[in-house]
Structures are given as C-alpha cells and as structure tokens.
4 protein chains.
Amino acid sequence: MTNATRTASGRRRNEEARLAILTAAYELTAEAGYPDLTVEGIAARAGAGKQTVYRWWPTKADILLEALALKADLKVSTADQGSFRAELDTFLRDSATLLAFPGVVPVLRSLMAEAQRDADFRRRFQDGFLTRRRAALETIVDRAAARGDKPPHLTPDLAADVVFGLVWYRVLATERLLEDEDVTAIRRLLTDRSGKE
Amino acid sequence: MTNATRTASGRRRNEEARLAILTAAYELTAEAGYPDLTVEGIAARAGAGKQTVYRWWPTKADILLEALALKADLKVSTADQGSFRAELDTFLRDSATLLAFPGVVPVLRSLMAEAQRDADFRRRFQDGFLTRRRAALETIVDRAAARGDKPPHLTPDLAADVVFGLVWYRVLATERLLEDEDVTAIRRLLTDRSGKE
Amino acid sequence: MTNATRTASGRRRNEEARLAILTAAYELTAEAGYPDLTVEGIAARAGAGKQTVYRWWPTKADILLEALALKADLKVSTADQGSFRAELDTFLRDSATLLAFPGVVPVLRSLMAEAQRDADFRRRFQDGFLTRRRAALETIVDRAAARGDKPPHLTPDLAADVVFGLVWYRVLATERLLEDEDVTAIRRLLTDRSGKE
Amino acid sequence: MTNATRTASGRRRNEEARLAILTAAYELTAEAGYPDLTVEGIAARAGAGKQTVYRWWPTKADILLEALALKADLKVSTADQGSFRAELDTFLRDSATLLAFPGVVPVLRSLMAEAQRDADFRRRFQDGFLTRRRAALETIVDRAAARGDKPPHLTPDLAADVVFGLVWYRVLATERLLEDEDVTAIRRLLTDRSGKE
DNA sequence: AACTAAGCGAGACGGTACGTCACGTCTTAGC
DNA sequence: GCTAAGACGTGACGTACCGTCTCGCTTAGTT
C-alpha cells in the first residue's frame, strides 16, 4: 500500500542554486532596478539555467519576495513593554530600521508595483508579507485595548491603515523615509486621547 | 522687441487623434489592465499610427497620466467653509468620489506601479499629480492654522502623509476603498486636539 | 490675345531646388551608399521639402538617374575614324573614363540594383540609360559592317552583350574596373576574324 | 590529445525549421519579389519565430543565398570531354538550364541587387557563389591550355569575364535569357583562333 | 552494481511587444 | 501656386525577453 506522498526518487533540489538565484535577484534589483531584472539575467548571474528558475518560482516577483525574507531581517518586536506608547514606538523604529537595510526599498517598491499588475502575485504578496506585518501591529493594539491603554476610536484596522499607509506612501510616492520626528508624530497622533464627538 | 515665438510652420497637431489616443489608453487600462496595455493596441483602437503616439508621449504611462486629467474631474473643493472639520470632510468625500469614478482605480494603480519602475516618469507623476493633490490639502490645513482651528501638532505635511498614505494604501494594498466610516475616522484622527505630551 | 500655352499661373518650378536635389542625391549616394539614401535626407541636404521631391520624381532612383546625366559626361564618341578597331578602342576607353568619374560606380550600382527591385523603374532605366548606350555601340558595328570591316559572326546585339556584359559584370560583381589590358583584350576578341565553322 | 570540439550542450538546431525557412524565402521571392520579402513574412510562412531567423542568418539575402544552393542543383559539369569546344558548350548549356529552373532568375537578381547595397553581403555572395562559378569555368580553360586546345590570347580570367558578364547582363539588364543561338555565338567567340596582331 | 527518475546548465524554439525608421500623403503659413 | 516645415497612418525593422522544449550530464534512491 503506497502512501500519499510521491516517492522522492531522483536528484534532490540544489540548495546552492536556490540561494544563488535569490541573491542574484535581490542584488540585480538593488543595482539596476526591477525593469532591468530578467529571468535570463538572474539565471546568468546565478550560474543557473532558466529552467531551474521556472521550476521553483512562478514569477520573478516571487523570487524577490522570497529573497526579501532571506536578505532582510523582517522580524519586528511586538514584545509586551507595558504601554501602548512604548510598543508603538518600538514597532515604528523597527520598521524604519528595516527600510534602511540596503536594497530593501527598491525591492519593496518592485513588489508593490508588481502586485498592481499581477492579480495572482498580489494575493501571494498580501499573504506572504502585507498581512503578516498588519498582524504584528494589531497584536500591539489589541494588547493596548486589553490594558485599557487605547484611544477610544482607534481600531486595530485604522491603526494599521494609518501606519502602513504612511510608511508605504513615503516609500512609493516620496523620496523621504521614516525619520525620528516622523515616528514621534505618528505615535502622538495614534496615542492622543480624544474624548469628544 | 524680441520675437520669442518660433514660426509655427508645418502641419498642426491633430487634436482629434490626441483625444482618441487618451480615450483608448484609458479604456484599455480599465478593461484589460495595464500589463495588457500596449502602444500598438492604443494606436490601433485610436485609429492612429504608433509614431503619432511616440511623437507626443514618452511612455504609455504618460498617456494615462494625461488621460486621467481628461477623464476624471480632478478638482477637489478647497473652498472656505468656516471650519477645518467641514473642509476636511468635504475634501475626503470628494476624494472618495474621484476613486469611485469608473476606471480611476486601475489607472491610479498603474501610474503608481509605473512610477516605481521608471525614475523619469516618477518625477512627472509627482509633478503632474501627487504634489498637486498635496497642495490642495495643504491649503485647507494652512487656512485652519490661520483661523486657530488646527490641532497643535498637525503640520500640513503630516496631514498630507496621513491622508494620502491611507488612501493610497487602501488602493494599492487592499481591496477596500474609502467609505463613510473611513472618512469619519480620519477626520476625527486629524481634528482631535492633543494638548498633552 | 492669349497664346495657346497654358496660362502659367502661380509660382514656377524652382530650378535652383532641382539642381540642389540632384546634387544632394548624387553626393549622398557616393558618400554613404544607396541604402542610407533617403528622401528625407536628400530634402534636408538640399534645403527642400519632401513634397518638392515627390512632386517631380517618382522614386529616389529616378533622381539618381537624372543626377547621373548631370554629373557625369555620358557622351561617348562614335565618330567615324576609318576602322572598326580604332572606333571600338575609343568607345571602350571613353567607357573606362566614365567609370573613373567620381561617384559614377556607386551610382551605377545603385541604379542597376534598384532596377532589379522595381519593374517600373527598370523600364525607365533601360530607356533612359541602357538602350542609349547600346545604340552608340551598334552605330559603330553597323558602320563596320557597311565598311566590310566586321568579323563574320559578330552581330551588333552580340557585340553589345559582350561589351556591356563585361563592363557591368566588372562593376557589379568584382572590385576591378576597366584597365588598358582589358580594353585590348576585348577589342582583340571582337575584331579577330574567324572563318571556320 | 586535444579535444577541439566544444561540448555540444543545449538543445540542437532544428533542421526542419531551417528547411522551412529556406523554402519559404525562396518561394516568397519567386512569388512576390524581393522588395515584398520580409523577415516577418518568411518566419510566418515557415511557422518559425523571427528570432530563429535572425539567430542563423544575418540578412534575408543570406537566406536566399543558402536557399539557392538547396533548390537548384548548382553543379555544372566540368568533366573532361576531350575538347575545349565540347566542354564549353556543356558548361553554357548547363548554365542555361540552371537559369530556367523556376525561381532562379528572380533570386539571382535579388542577390546581385543586394550585393550592391550591402558590402558585407557582397563578400559572402562572391565567396559563396560568384567565385565558385568562375572556378568551374577556369577548370575548363586550364585543361584546354594543358591540351594545347586554347586560343592564344584567351586567359581563364577573360573567359570568365566574358561568359559571366554576358549571362549576368542578360539576367539583370534585359528580358532575354540564354538560348541555343547565344550558346553557339559565345562558344564560337571564345574558341576561334586569332593568330594575328 | 545496474537501473531509474528527477534536477541541472545550456541553449534553441515560437511568440509578442518594443521603440525606431522611412515611407508617401496631407495640411499649414509664407512668399 | 509652389515652397519649406512638419504631423499623419503605415508597416518592417532588428532587439529583448518571455515561457517552453530538448539536450547530455549528474546525482540519488530503488532494485
């Protein structure tokens, strides 16, 4: 009686080639930009054949999405620090650090741009990146709510929309990134109480 | 007395062709999406030659940028209504209306995506669209400041980053657009006083 | 009382422009070769508009055909010199001189090449150039026949085929042109008697 | 022991596609003429991609040059027949037969025309066709010389110039091709003795 | 130890769109 | 009414990548 998993006969996947392809894609994007990123170019720099690329990734944007996780530390601390204000501050600073990592901004731009053009990749980008980051921030807001430390009208969704909205808008539409005063400004905007209305 | 204008010799530009090209580009993007938008397709639908397209626009994104101004009324009211709150509300509702205009969302996505890939177009998109919209919002915030009607820590820049950040993030990264409760939430966030710190 | 000729109203044909166009076409062919010869380029160098070119010549090959007559002295002496041998010798030397005229070889090549591609021009080239040259040679052969100075089997047609065949073949298929020993060889071939058969 | 042959890695050239392209180019030239021959048209009729054409041939004239060798049997007999006269006769009749092969004349015209426009192709045409044909004729003349069967002033070069000159001139400049009386006339011209001078 | 089934680098294949070029026609204002 | 200027629709050019498809070779179980 055969089990459900396919018999893994034949040669194994070459991990070396996988890393070479991820690195090549990341670096080429950082160096020359996404429009000049071609599967042929990736394969050439990685010393791999085109078929090896197509065997494992559906599009070059997916390579980049995986390469981002490999190259940049995507972890953002959501540890309990006792106050919403402190945790939000840490979250924002961690985000700023990530953006400062070499190559991250060009890659993020490329991924978001590709998500506009390819509906299938859009979903994978949302699942593999965007919603993960939202979840981290929502953890913080939920904890603040439990703690009674949250401004009345601030929902986790609104907080995420504002924070990520601002960060992405800065990345996509401007030349400025997150600086200290920006962190302060957003934190103040989201932590100030508003009792009226 | 110097004569600055060059003698306008030769055949004049065909305004009919210009409009046909803008319309074709806009409609094709709305129908089939930017990746399937080709200069050849635009020219064919417009009944124009490829060369006529290339004579007047450097890239197809530039066609779309001009078509957006033609198709969607980009005016958003910044008229003095006596209070920051009322004017901000109007601004946000006008923006929501613009997004609801048929074809606007796909075109905006395409333009922002293209701005990530082409640094030259990025500048033209900023100058021809993004900064114009920021300027409108800044008018309102500046008037509120003059009126003494503005929250203490809200600068025009921060207001623009938050508003456009949220709107663009919704358009680019989610499937939700601006609804009434969103308008309320943002307006509340930006108009609530915060005296502490 | 008006005369029979059509009232020559409006501006007359500009002879200056005609010569400028012929000269420009001839020179451009000599300099850069026929494939780089464009109507736009001719008009530009001549300081004329494209329409002026198209008004007077059906194709650029026709310009070149007319320019050849203007630039190179196409006259070849067929004067009676008393003997077939002397007249043939003169004819061949005149031909060699023509080929040595600057720019003539590139232009002849271009014209013959164009005659292969355009059946209409082919006819005009034959009428305006090829048959005129044949006629000159036939005059000589006919006079030799009348004089009883002609080899028995040499018809005017065969003489023309051999002479022009050799000259054109040299121009089109080799890098050699007509030299003195070639003139001698052909003249000997065509004047030697052959009584046998 | 050196291994001169490079490792033949990768997919092999598709011989079927090669023949389809050669056939398509030849037929299209015969049908519609060289000016209407486009690489796109060749590829389309051959069921091939344009890149496949450009990968193997630098210009469409080179396709035609190769197709000519494929379509028409270019072998012209130079076998020893005991006399210069007989061998020359055979050579001329074989040449006439070649010209009568369907499509050969339009293709020859196209090749010679193209050789006038493209200096690089000119060389390839000379090496791949013209000098091969000269060599065949020179074989015959050289054998006649060894046999003492050659007219005194007839060099192999002169014979080739006269024969190919006449044939090409007929093809390029007239509507007549080689007929029996032409064969006789040329053979007589080249075999008659001339001892005088 | 031989067999079998992937995975691998290489590279040719049928396609599609690119941006450029020149064509021949047309429209304009000026002489 | 002819001129120079120059925009127009057209269509082929040669290039760049796409994603697929052989090739001969290597690698790793399975028999």
Side-chain angles (χ1 to χ4, degrees), chain A residues 6-14 16-18 35-44 46-56 58-60, chain B residues 6-14 16-18 35-41 43-44 46-56 58-60, chain C residues 7-14 16-17 35-41 43-44 46-56 58-60, chain D residues 6-18 35-41 43-44 46-56 58-60:
Chain A
R6 200 163 64 70
T7 307
S9 147
R11 189 174 180 175
R12 291 295 180 285
R13 177 174 187 179
N14 184 349
E16 218 174 314
R18 176 178 161 263
D36 288 358
L37 180 71
T38 66
V39 173
E40 262 152 7
I42 295 168
K50 269 168 49 164
Q51 198 56 254
T52 303
V53 177
Y54 282 112
R55 204 185 329 272
W56 301 109
T59 75
K60 55 192 174 178
Chain B
R6 204 168 63 72
T7 307
S9 142
R11 188 176 178 172
R12 294 292 179 279
R13 178 172 186 180
N14 184 350
E16 222 173 312
R18 177 180 159 261
D36 287 357
L37 180 70
T38 67
V39 173
E40 264 152 6
K50 261 188 354 172
Q51 199 53 253
T52 301
V53 177
Y54 283 111
R55 202 188 326 276
W56 300 108
T59 75
K60 47 193 178 173
Chain C
T7 307
S9 142
R11 194 170 176 176
R12 291 297 180 290
R13 177 171 183 184
N14 186 348
E16 218 173 316
D36 288 358
L37 181 69
T38 66
V39 173
E40 262 150 6
K50 270 167 47 165
Q51 199 54 251
T52 303
V53 178
Y54 282 111
R55 208 186 320 276
W56 302 108
T59 75
K60 54 194 174 176
Chain D
R6 204 169 63 72
T7 306
S9 139
R11 188 176 179 172
R12 294 295 178 277
R13 178 171 184 181
N14 184 350
E15 186 64 14
E16 221 173 311
R18 176 178 161 264
D36 287 357
L37 180 70
T38 67
V39 174
E40 264 152 6
K50 263 193 339 178
Q51 200 54 250
T52 301
V53 177
Y54 283 112
R55 190 176 296 115
W56 300 109
T59 75
K60 44 192 179 172

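Proteins come first, then strands; the chains are lettered A, B, ... in the order of their sequence lines, and each starts at number 1.
Summary of the strand contacts: C:A46 and B:R12 both lie near DNA chain F, and taking for each the nucleotide with the nearest heavy atom, the more 5' one is attributed to C:A46. Looking at which nucleotide of DNA chain E each of D:A17 and A:R13 is closest to, the 5′-most match is held by A:R13.
To the nearest angstrom, C1' of F:dC18 lies 13 Å from CD1 of A:I42. The distance from atom CZ of D:R11 to atom C1' of E:dA12 is 6 Å, rounded to the nearest whole Å. Per the geometry, CH2 belonging to C:W56 stands 12 Å off P belonging to F:dA4, to the nearest Å. Between the CZ atom of C:R55 and the P atom of E:dT25 there is a distance of 12 Å, given to the nearest Å.
For C:P58, the side-chain contact (heavy atoms from CB on, under 4.5 Å) partners two or more places apart in sequence, or in a different chain, are C:D62, C:R124.
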Output one line per pair: protein atom, nucleotide atom from nucleotides 20-22 of chain E, and distance, for all N/O pairs under 3.5 Å.
unit_1	atom_1	unit_2	atom_2	d
E:dC21	N4	B:Q51	NE2	2.4

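At least one test fails for A:R18 against the ring of A:W56: distance under 6.0 Å to the centre or angle within 45° of the axis.
Taking CD from A:E40 and CD1 from A:I42, the interatomic distance works out to 10.5 Å, rounded to the nearest 0.5 Å.
Proximity of D:S9 to the phosphate of F:dC23: no side-chain N or O atom is located under 4.0 Å from OP1 or OP2. The side chain of B:R18 places no N or O atom within less than 4.0 Å of a non-bridging phosphate oxygen (OP1 or OP2) of F:dA7. Between A:T52 and E:dG9 there is a side-chain N or O to OP1 or OP2 distance below 4.0 Å.
Here the closest non-hydrogen pair linking B:K60 and B:T38 is NZ-CA, 4.5 Å.
In this structure, A:G41 reaches neither bases nor backbone, as no heavy-atom distance under 4.0 Å exists between it and the strands shown.
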